[in-house]
J.: 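One structure, as structure tokens, below. Some questions next.
Proteins come first, then strands; the chains are lettered A, B, ... in the order of their sequence lines, and each starts at number 1.
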2 protein chains.
Amino acid sequence: MKSKSNENYQQILAAGYQLISVKGFNHVGLAEILKVANVPKGSFYYYFKSKEHFGEELINDYFSDYLASIDQLFSDVTLSSYDRLMTYWQQWADTQSTPCNEKKCLVVKLGAEVSDLSESMRIALQKGANSVIEKIAQCIQSGVEDKSIDPNIQDHMAESLYHLWLGASVVAKMKKDKTPLLSALSTTTLILSNNVIKK
Amino acid sequence: MKSKSNENYQQILAAGYQLISVKGFNHVGLAEILKVANVPKGSFYYYFKSKEHFGEELINDYFSDYLASIDQLFSDVTLSSYDRLMTYWQQWADTQSTPCNEKKCLVVKLGAEVSDLSESMRIALQKGANSVIEKIAQCIQSGVEDKSIDPNIQDHMAESLYHLWLGASVVAKMKKDKTPLLSALSTTTLILSNNVIKK
DNA sequence: GTTAATAATAGACCAGTCGTCTAGTTGTTC
DNA sequence: GAACAACTAGACGACTGGTCTATTATTAAC
């Protein structure tokens with residue numbers, strides 16, 4: 001775990017994300033990842049004990065960044081909770097709708113593929129998704145408090161909104177079209193701002 | 001030529017569905033499918049011109065059954081449109097929540113994996129999903145007419161409900177838990193029966 | 001400067017991949 | 001029973017998959 005060690009480790013992770021977020025976990029071989037990362041093939045098993053373990057690290061690494069960026073957005077005091085949340089969904093729509101993207105969601109891409117394949121990757125994904133839903137729930141709660149979100153909103157709505165967006169992203173992928181995401185945006189607005197007088 | 005009623009043809013499709021709906025498209029080899037189907041390799045390439053083409057047929061075959069069963073349910077005159085629709089979602093929850101299932105949804109499993117891999121499979125999936133959404137939309141419309149569903153429901157709600165359930169299914173897979181589906185059921189009830197007095 | 005320990009890499013390994021090929025087996029029709 | 005198509009059979013090729021051992025490079029200690 002020294003200088004070059006860390007650099008190569010990060011390179012492999014970065015290349016892996018770039019390739020796997022587009023082609024999926026099973027359809028990307030170590031050789032391809034290592035080539036893009038510019039790291040010799042023999043080195044892979046020096047840094048990771050298996051491809052599965054690598055996948056686990058990839059997911060953890062992804063969520064570490066992702067959750068940090070949510071935290072940053074959700075702590076923006078210049079916006080109401082409703083606006084923070086809507087900014088989040090708007091950003092989701094933006095990132096998922098561009099054809100070739102840098103920040104593709106690993107839950108969308110790997111959720112279904114990996115869950116029946118590897119317990120450790122499944123759990124990593126699950127924990128990450130749970131954290132995201134929890135943060136959304138907190139933001140909704142604070143929106144109820146600052147009166148920018150429907151006070152009668154149900155507790156499980158954070159979960160359902162996340163599901164809605166996840167599903168919309170899969171369909172957007174299938175259609176190569178962003179209308180599912182726009183539709184999700186409209187439904188989200190409806191759910192959050194029910195019984196609320198807009199200013 | 002290539003009679004699709006052929007027993008081996010159907011065997012290959014059935015074995016393929018059984019394996020691929022659990023392990024994904026890339027993670028199942030022809031050898032494994034053929035072994036389960038009890039059909040020799042040579043026959044595969046007699047019936048299908050490639051694995052990709054096989055996948056396309058698999059998806060079409062799946063939707064052919066699936067859409068027929070929706071038609072049957074949605075034409076049940078003993079139920080209100082609302083009840084038909086809720087029966088549909090309830091069945092969805094039931095099928096997706098059992099751990100080892102016979103009727104796993106291919107859109108859930110293959111949507112994200114296949115869309116970046118094969119155009120023909122992507123389009124097959126897209127067409128199928130479109131048809132399903134369309135049927136849901138029709139059922140909602142007839143529910144508005146028979147007053148069993150919120151008359152102010154938005155046009156794109158069929159789409160959003162489908163997205164919600166798709167996403168909930170992915171998360172249920174990730175969590176190995178059916179609560180996401182129960183949450184979707186509750187949200188669906190809320191959306192459909194808003195402004196409606198239950199009998 | 002030599003030794004010891006660790007960091008990093010090269011390349012072999014074999015099971016598995018999809019797809020091709022050709023010989024063989026049925027089965028129907030004249 | 002000959003002819004021809006429909007279908008079966010599985011060996012084979014060329015390649016890729018993840019994994020691991022043997023080896024080299026680099027650093028640290030004396």
J.: Starting at atom OH of B:Tyr9, determine the distance to atom P of D:dT8, rounded to an integer number of angstrom.
T.: 14 Å

J.: Just how far, in rounded Å, is P of D:dC7 from CD of B:Gln11?
T.: 15 Å

J.: What integer distance in Å separates B:Gln10:CD from D:dC7:C1'?
T.: 16 Å

J.: Hey, is the side chain of B:Asn8 poking within less than 4.0 Å of OP1 or OP2 on D:dT8, counting only N and O atoms?
T.: yes

J.: Is atom CG of B:Asp76 surrounded by more than 12 heavy atoms (other residues, nucleotides or ligands) closer than 6.0 Å?
T.: yes

J.: Measuring only between side-chain heavy atoms, which start at C-beta, is A:Ser160 closer than 4.5 Å to A:His156?
T.: yes

J.: Under 30°, 30 to 60°, or over 60°: which ring-plane class applies to B:Tyr62 and B:Tyr17, parallel, tilted or perpendicular?
T.: parallel

J.: Measure from OH on B:Tyr46 to P on C:dT22 and round the result to the nearest Å.
T.: 18 Å

J.: Answer yes if the ring centres of A:Tyr162 and A:Trp89 are under 6.0 angstrom apart, and no otherwise.
T.: no

J.: How does each nucleotide of nucleotides 10-22 of chain D score, in 5' to 3' order, for protein heavy atoms under 4.0 Å: base (B), sugar-phosphate only (S), or none (-)?
T.: BB-----SBB---

J.: So, using salt bridge (Lys or Arg N to Asp or Glu O under 4.0 Å) as the criterion, who are the partners of A:Lys175 when residues are at least two apart?
T.: none

J.: Nearest 0.5 Å, what's the NZ-CG distance between B:Lys35 and B:Leu30?
T.: 14.5 Å

J.: For D:dA6, does either OP1 or OP2 sit under 4.0 Å from a side-chain N or O belonging to B:Tyr47?
T.: no

J.: Report the distance from atom CG of A:Asn38 to atom P of C:dA8, rounded to the nearest whole Å.
T.: 16 Å

